[in-house]
Amino acid sequence: MHSLIARNGRSLHKLGQNLVRHLAAANRAHAFSRVAAASEGHGGNGGSVAAAALTRREASTVAAAVGGATSPSAASLAAKPAHLRQLSEEQLKAAAAPLGTIRVVAGPGSGKTRVLTARIAQLIHTHGAHPWQILAITFTNKAADEMKERLAIMLGEEVAKKLFAGTFHGLCYRILKSHIRDLEHAGRDSSFTVYDQDMTLRLLANEVKRQNPDWKAKDVNQEASRLQGAISSAKNSMLTWHAPTPLGVERCVLEHLQRQAAAEDNPLKAVEAGVLAEWFGMYEAALRANNAVDFDDLLGLSVALLASNEAVRQRYHRRFRHVLVDEFQDTNATQYELVKLLAMPRADLFVVGDPDQSIYGWRGADMTNMTEAFVKDFPEAQVCDLQDNYRSSARIVATAQSVIAPNDEWQRKGMNPMHPAGDLIQVIELDDSQQEARYVAAEIAATLQRGEHPEEQVAVLFRTHAQSRLVEQELFRRGVRYVLVGGLPFWRRAEVQDVMAYLRLAVGLRDNIALSRIINTPRRGIGDSSLIKLQAAAAERGLTLCSLLFGDGFSGEGGQGSDEGSDGREGAEGGGGRGMQLPPLPDRKELGLPAKAATALEAFRQLMAELHVAVRTQPLHKALKHIVDRTGYEKYLLDGGLTTSASKQGDEAERVDRIWQLLGAAADYSPGAMSGAVSLDEDYPEGGGSGSTDNVGGSPDSDSDREARLALRVTLIGTDDGDVEFSIGGSSEYSDFSDGDFGGTKDAETERAGGEGGAAGAGGTGAEAEEGGGGRGADTLPSMPPLQRAQNFLDEVALYSGADEGGAATPGVRLMTMHAAKGLEFELVYIPGCNDGLMPLLRGEPGAVDLVKHVAEERRLFYVSLTRAKQRLRILHTAVTSLYGAHSGRESDPCRFLVEVVEGGHAAVLQRMQGSPEARDRSSSGRYPASSSSSSKSGSRSGSSGGGSWQRSAAGSGSSSSSGSTKNAGRRRPAPSGSSSGNSSSGSAAGSDASSSRGPSTQLSSAEMRHRRGGRR
DNA sequence: CTTTGAACGGTTTTT
DNA sequence: CCGTTCAAAG
């Protein structure tokens, strides 16, 4: 189902991409003028909207077109810097605050990203900061990208790409890549790779199955994910990093869990703690054996490193004098600790967030980091409140406030709406989600037809991904384009992951998890039973499966130690794997393998050996091509290897196509593009091949680069921060990625450090100087060897997780989860499925305390959702929630938070009941106690014939008892009738809905959807 | 070992 | 309802 959804989303996305591509050239002048508008700004935040609408591509186009003109000089030396001119008073107070620790509490729609960006510009222009000294941390890659886009517009491309803007994970990845050797007992070398969730789950499942060979797959998986959750939260609470040895960790975790159990006075948990700690130890050991870290390790090991290693910490202190964190309310314990370690002594620290938008508690985020801990740890911090709301109508603002009000975990200040009241909020009840979807789709279709909003300004927000399907179908039937934002990303597709697993294995021949994934993936006769036997055999010998099959790497370690280019050259075109010696396998009888499996296994070993050579010697995309070719993967796909069910038939070509895309991405890949410095769109490597120096592109000073820095230099003169000096001379300041990103600051660094950090402060590039302490890094080679490129590719893909779907320029109505909607805004927002149990999503029987906290977070989530809307907001709930089939549903109450919405008096309640009289009664009298006020307030143009026409639609569809609804309407509030006017629009929508709903098939099968989509293409 | 058909089970949010 | 998993046959 996911695949179906995502597939559809993707193809539309592709369509959009093409469109953008074609339009890009034609739009140049147009885009340019938009930028002008953006930098002029229209009072409040009109400019920010325009800027946000710029795509990365456009931005770079513009930068290219404008050339040196975008360099800061012109703008920055003006009396009032342009980047501050558009800010409101309160925004200015934050953005232009003096250096120091600053905590900005910013409500939704307050322009917080804008302020953050302005702050950065301010640091550079007024405080004389060098971009290199600025560290901007976000929670998503998308946010980082957007920030860089804006900065590129404000400061010029060259400057913008020099500051570090990325996620916590991306930052930590780079820190560890450079310094993991400086962490004792880390248990990994610097060629470690990152395991994403799929990988760790797989790892755990393997372990569980090994422990309990007779378990069913389902139970194994369930146990594995349970363990994963437990382990992750243990790591998140940061109690393991002091003893990163497997055994030490185990003991540490055990103690922690026991303490926890004792605190809760729960003896049962104490027992469990022992078991869990044991698993934890195995998990850690397995990670180490594969030279891998998980997401939590990235953070935790970085914290351990910085906490334990004075020299390294000092180095980053010198490097990052200005630290900015967005969405600070979403930090977890480890991330908070990291911020402290980076900033604590005396860095300039600027954090922005809104405790009420803390919606990631389930993954360890703790808003008290912002509301309490930060206040305590940084008592001198200046506090700025951004209370003006530039986004939403006053009604929406007021309603949102009344929704969030019951949460009293911190002292919030109010919001000041900056827009007039606007339309009433509509609260709509329908019979079931089928109807709900139809209604939403019909209204959207009509709205678009009337041209009331551009399609990308209309959004549908769901609590869960699964909910989107019905709406998709209905939109689809009406030919409304939509984009499913955040659908399953490209990189997690089975076929992509398969190929990546091959790459992963081929890189070092030591990744057992990747091995177990693909050892039989184009079926080659090595099935489960053989695999189990092999694993047992390996375990008997105290080996991992990889080392049994491939040896311990043939020149020392599998990783970077052996990646000198020269080594590879010999075997270069050989292909046949003669470059490496495979260890002899034990006799097949000893292994208990059937003859067939044994020969297959031998062939597989040869194959992997060959691929290993290919990965070391060929450019990445060629190596991947090699993998695809030699494994017969394409044929496997075409033969339906991944076609698990009939409904997935027809996907084969698409899967193959995705493999091609993967190859394309690999060809275009330049290290750092995804997770950090440079966006993939910008520098298009001509050759794309191995020798391409695109990744080092910054090093030979381009003219504009030099110009930009000269301009900076100018602005530096006469600032109060006189001790900052930059030599402008020629060494590679931006040697991109690996170590260069951090090492390259030698100018400022060595000056202040006085040789403390880099033992050999003198020589060569900054990167070398820095790495001198930590041991020779293969990563400073001017052109990255293929093997390392491949490794970086793997890691970045893991960290990237694909937020580029549905980019700003893709046309179509936006469909997404509430979580994914954070930070976005739309003119018109629909929120279907607001039923209690679904909206406050409730499951199981959680403890009372937990439940309260959980509901509080759900409330925040709802609050976030409401505040996405600028003008019009439609909240829907259904009389019954139909889980699967159309009519297997159960009665369901509306979302409990709706009470506040309706009581707030800004909503028009449209209702159609068709159930039993009892149900009607319950709903009408019980649900919204004080709601009748709503209609009376329906001021101005409000209207919306929604109620009336909608009743018509009910009659039209022939399914409802008209008496029921009329009676209901009449007796209850005048809401439906009272609110009647402007939007006869919705009448037409509903009408078309009714007619179309009578079509031959109300439900489109997935195949049908696909077919239609194909037709439209 | 792979393929087939039938039964079962399931639904948060993501770096 | 759909997709995954299980068990038996080829």
Side-chain angles (χ1 to χ4, degrees), chain A residues 1-5 137-144 166-173 194-198 200 216-222 229 232 236 294-299 327 330-332 334-335 358-365 433-434 461-470 486 488-489 492 520 523-531 593-594 596-597 600 640-641 643-648 675 796 798-803 816-822 833 837-844 854 857-858 860-861 864-865 881-889 1003 1005-1007:
Chain A
M1 151 180 55
H2 275 323
S3 62
L4 169 77
I5 290 166
I137 304 177
T138 61
F139 273 80
T140 64
N141 293 297
K142 202 178 102 199
T167 64
F168 274 103
H169 297 271
L171 168 70
C172 289
Y173 172 71
V194 181
Y195 275 5
D196 63 14
Q197 208 174 21
D198 282 358
T200 60
K216 292 195 229 170
K218 191 158 274 183
D219 295 325
V220 169
N221 287 335
Q222 199 175 335
S232 175
N236 271 335
D294 63 21
F295 279 126
D296 300 316
D297 288 335
L298 284 173
L299 303 170
E327 308 281 15
D330 282 333
T331 51
N332 65 26
T334 319
Q335 288 160 333
S358 168
I359 54 174
Y360 289 103
W362 48 272
R363 99 193 191 202
S433 27
Q434 187 66 236
L461 270 34
F462 306 98
R463 180 67 237 297
T464 70
H465 273 308
Q467 290 171 261
S468 70
R469 224 191 81 241
L470 285 176
L488 277 209
R492 279 178 74 192
N520 197 32
R523 309 254 119 91
R524 52 169 66 88
I526 308 172
D528 274 352
S529 62
S530 296
L531 182 58
L593 291 183
K596 208 170 160 190
T643 311
T644 51
S645 62
S647 65
K648 280 188 179 175
S675 74
E796 285 196 51
L799 289 170
Y800 185 61
S801 145
M816 68 191 87
T817 65
M818 295 173 171
H819 282 85
K822 190 163 77 153
L838 222 199
M839 178 34 223
L841 184 60
L842 306 172
R843 48 157 197 215
H854 173 73
E857 176 150 320
E858 295 283 304
R860 273 177 254 132
L861 184 57
V864 167
S865 307
T881 52
S882 37
L883 249 37
Y884 313 118
H887 292 296
S888 62
Q1003 270 226 339
S1005 72
S1006 52

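Here is how names work: the chains are called A, B, and so on, in the same order as the sequence lines, proteins then strands, and each is numbered from 1.
- Atom P of nucleotide B:dT15 and atom CG of A:Asn141 are separated by 7 Å, given to the nearest angstrom.
- The line from CG of A:Leu838 to CZ of A:Arg463 is 8.5 Å long, rounded to the nearest 0.5 Å.
- Rounded to whole Å, atom P of B:dT3 lies 13 Å from atom CG of A:Asp528.
- Between A:Thr167 and B:dT14, a side-chain N or O to OP1/OP2 separation shorter than 4.0 Å is absent.
- Closest to the side chain of A:Ala820, from the set B:dT15, C:dT5, B:dT14, is B:dT14.
- The side chain of A:Asn520 has B:dT2 as its nearest neighbour among B:dT2, B:dC1, C:dC6.
- Rounding to whole angstrom units, CD of residue A:Glu858 and C1' of B:dT13 are separated by 8 Å.
- Mapping A:Phe168 and A:Leu531 onto DNA chain B via the closest heavy atom, the residue that lands nearer the 5' end is A:Leu531.
- Across all strands shown, A:Asp196 has no heavy atoms under 4.0 Å from either base or sugar-phosphate atoms.
- Comparing B:dC1, C:dC6, B:dT13 against the side chain of A:Ser529 picks out B:dC1 as the nearest.
- For B:dT14, the OP1/OP2 oxygens have a side-chain nitrogen or oxygen of A:His465 closer than 4.0 Å.
- Between A:Asn520 and A:Leu531, every side-chain heavy-atom pair lies at or beyond the 4.5 Å cut-off.
- Under the salt bridge (Lys or Arg N to Asp or Glu O under 4.0 Å) criterion, A:Asp198 pairs with A:Arg492, sequence neighbours left out.
- Using a 4.0 Å cut-off, some side-chain N or O of A:Ser530 falls inside it from OP1 or OP2 of B:dC1.
- The side chain of A:Lys218 approaches B:dG9 more closely than any other nucleotide in the set B:dG9, B:dT2, B:dT13.
- If you take CD of A:Gln197 and C1' of B:dT15, they are 9 Å apart, rounded to a whole angstrom.
- Among the atoms of the strands shown, only primed sugar atoms or phosphate atoms (P, OP1, OP2) are found under 4.0 Å from some heavy atom of A:Phe139.
- Residue A:Arg463 places a side-chain atom within donor-acceptor reach of the base of B:dT13, judged by atom type and a 3.5 Å distance cut-off alone.
- Of the listed nucleotides (B:dT14, C:dC6, B:dT13), C:dC6 has the atom at the smallest distance from the side chain of A:Lys216.
- Whole-Å rounding puts the A:Asp296 CG to B:dT14 P distance at 16 Å.
- Minimum interatomic distance between A:Glu857 and A:Tyr360 (heavy atoms only, all atoms of both residues): OE2-N, 3.6 Å.
- Protein atom CE of A:Met818 is 11 Å distant from nucleotide atom C1' of B:dT13, rounded to whole Å.
- Straight-line distance from the CZ atom of A:Arg469 to the P atom of C:dG3: 8 Å, rounded to whole Å.
- Within the model, atoms NZ of A:Lys596 and OG of A:Ser530 stand 10.5 Å from one another, a figure rounded to the nearest 0.5 Å.
- Remark: A:Leu171 CG to A:Leu799 CG distance equals 11.0 Å, nearest 0.5 Å.
- Taking atom C1' in both C:dT4 and B:dT13, one finds a spacing of 23 Å when rounded to whole Å.
- Side-chain proximity of A:Arg523 to C:dC6, B:dT15, B:dT3: nearest is B:dT3.
- Summarising the geometry, the separation between OH on A:Tyr360 and P on B:dT15 is reported as 7 Å, rounded to the nearest angstrom.
- Looking at heavy-atom distances under 4.0 Å, A:Lys596 makes no contact with the nucleic acid at all.
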